[in-house]
2 protein chains.
Amino acid sequence: MVSDRREQILEAALEVMAAHGFRGTSIDAVAERAGLTRQGVLHYFPSKKRLLLEILSFREELARANLAGRRVGEDWAGDFAETVAFEQSRPSLATVYSVVLAEAVTGQEPAAGFVRQRCRSMQDHLVESLIERYGERVPSGLSAPTAAAAVLALIEGVHQLWLVDPEAERYPQIVREAMAVLLGTGTTATEGQSPATKG
Amino acid sequence: MVSDRREQILEAALEVMAAHGFRGTSIDAVAERAGLTRQGVLHYFPSKKRLLLEILSFREELARANLAGRRVGEDWAGDFAETVAFEQSRPSLATVYSVVLAEAVTGQEPAAGFVRQRCRSMQDHLVESLIERYGERVPSGLSAPTAAAAVLALIEGVHQLWLVDPEAERYPQIVREAMAVLLGTGTTATEGQSPATKG
DNA sequence: GTCTATAGGAAGATAGAC
DNA sequence: GTCTATCTTCCTATAGAC
């Protein structure tokens, strides 16, 4: 089946791009990892840019599949911590995004539009959800837009930091606790306890 | 004077690398911006890697100069917000760091060691300072290491996010407020007020 | 579908003239 | 110090055989 080969190449490209970035990745490296030649890869993905875009979609698909079944929005801190933990379980997922985000920032890389749009959409969605649940201010006292921006920054920053920090196992827990504090939910004095204490 | 030319090249390289990343930057591009040729640049900086390392030092030097005069540690949220605001006033400063951080992540780039060491040192220093001031837990209830990691993640994330977000003017204020909440200092209910309320 | 061969270009770095 | 010229390496992408 054709899809097998495609997915095999996507997996390989995900790993390599996570390890070396977009510009640092040669099609040869992807091909070698996937067990075929450069030209074989180009048969499935007409260009390197196209390959990257498909990787990003592939990544989103995997992350979404992981959250399927959860009632997203019920437990913000939990959802995010889960996502963080999931991506940590396969670091390439987070790395490829962070790396591409950084490269997207630096000009007209193919993924610039993708990343920009994703950031904005996540922020808008989060603000909307926070307002719907808490009103204009979350329990911590922050305004909804401020809280949303802070939470997203926290997530992005955690992605970055754990990549350079071997002691990364702590990060999902840090996200959980820090989000509980930022939003003002949870009992922060007994940290370690589940922060979702609303009901 | 020799230093003039060097600094001129560093300024040019800072801008170009912020715009295109390390791998995306050619010495030709730096040279053109600095008003000389590739070989002229290589006369002052023997290699591209060496040039990058000197840019990072240059950047730190500028940032430190900006904080000079402040009593660092007196007002954590204020210090960080100031740094964020300063870097925003010259986006290349933040961009080049974020970009290089991302590239450092992806392997053996020249700056990998630099960034790794800087992250760790900042975290250690922050933890130590928090403990010294607040003890094992900050007022918000987070443990000092957790608070430190969350704060650093917040800063890193803000760097990333504002790069893709045109409405970035809000970010210094967001940092100020979110940090006050994370640490548990300041009166978050009247957000916008100075968060440093300790005596 | 997957390969060999090759076109065509870009970049880092060195040698040496002025 | 700054330049021209050159070496060398690496990469994307295409053309065409099997």
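Naming: A, B, ... by sequence-line order, numbering from 1 per chain. In what follows, every heavy atom counts, from backbone to side chain, and hydrogens, waters and symmetry copies are set aside.
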### Interatomic distance where CD1 belongs to B:Ile9 and P belongs to D:dT2 [whole Å]
7 Å
### Task
Round to a whole Å and report the spacing from CZ of A:Arg23 to P of C:dA11.
11 Å
Can you pull every protein N or O that's under 3.5 Å from an N or O on nucleotides 13-15 of chain D?
{"unit_1": "D:dA13", "atom_1": "OP2", "unit_2": "A:Lys48", "atom_2": "N", "d": "3.2"}
{"unit_1": "D:dA13", "atom_1": "N6", "unit_2": "A:Arg38", "atom_2": "NH1", "d": "2.8"}

### Message
So that I can tick it off, tell me whether A:Glu15 and A:Arg90 are bridged by a salt bridge, with the cut-off set at under 4.0 angstrom between side-chain N and carboxylate O.
### Response
yes
### Degree of bending in the helix from C:dG1-D:dC18 to C:dC18-D:dG1 once both end axes are built from five pairs, to 10°
0°
### Audit row: A:Thr95, A:Ser98, side chain to side chain donor-acceptor pair (under 3.5 Å) steps and yes/no
CA-CA 5 Å; A:Thr95 307; A:Ser98 287; over 6 Å; no
### Query
Hey, is the side chain of B:Thr37 poking within less than 4.0 Å of OP1 or OP2 on D:dC3, counting only N and O atoms?
yes
#### Entry: Contacts of type salt bridge (Lys or Arg N to Asp or Glu O under 4.0 Å), residue A:Glu156, not counting sequence neighbours
none
### Query
Rounded to the Å, how far apart are B:Gln8 CD and D:dT2 C1'?
13 Å
#### Entry: A:Phe22 backbone acceptor or donor facing B:Arg23 side chain under 3.5 Å
no
### Residues A:Glu54 and A:Arg6 bridged, charged N to O under 4.0 Å
yes
### Task
Take atom CG of B:Asp4 and atom P of D:dT2, then tell me their distance rounded to the nearest Å.
11 Å
#### Entry: Interatomic distance where CG belongs to B:Asp28 and P belongs to D:dT4 [whole Å]
11 Å
### Message
Can you measure B:His43 atom NE2 to C:dG16 atom P for me and round it to whole angstrom units?
### Response
17 Å
### Message
Looking at A:Glu128 and A:Arg133, is any side-chain nitrogen of the basic one under 4.0 Å from a carboxylate oxygen of the acidic one?
### Response
no
### Message
From OH of B:Tyr44 over to C1' of C:dA13, roughly how many Å is that when rounded to an integer?
### Response
18 Å
### Query
Can you hop from A:Ile131 to A:Leu152 via hydrophobic side chains spaced under 4.5 Å?
no
### Query
Do we see a donor-acceptor contact under 3.5 Å between the side chains of A:Gln8 and A:Arg5?
yes
### Task
Please confirm whether A:Arg118 makes a cation-pi placement over A:Tyr97, using NZ or CZ under 6.0 Å from the six-membered ring centre and within 45° of the ring normal.
yes
### Summary
Here the distance between atom C1' of D:dG1 and atom CZ of B:Arg6, to the nearest Å, is 14 Å
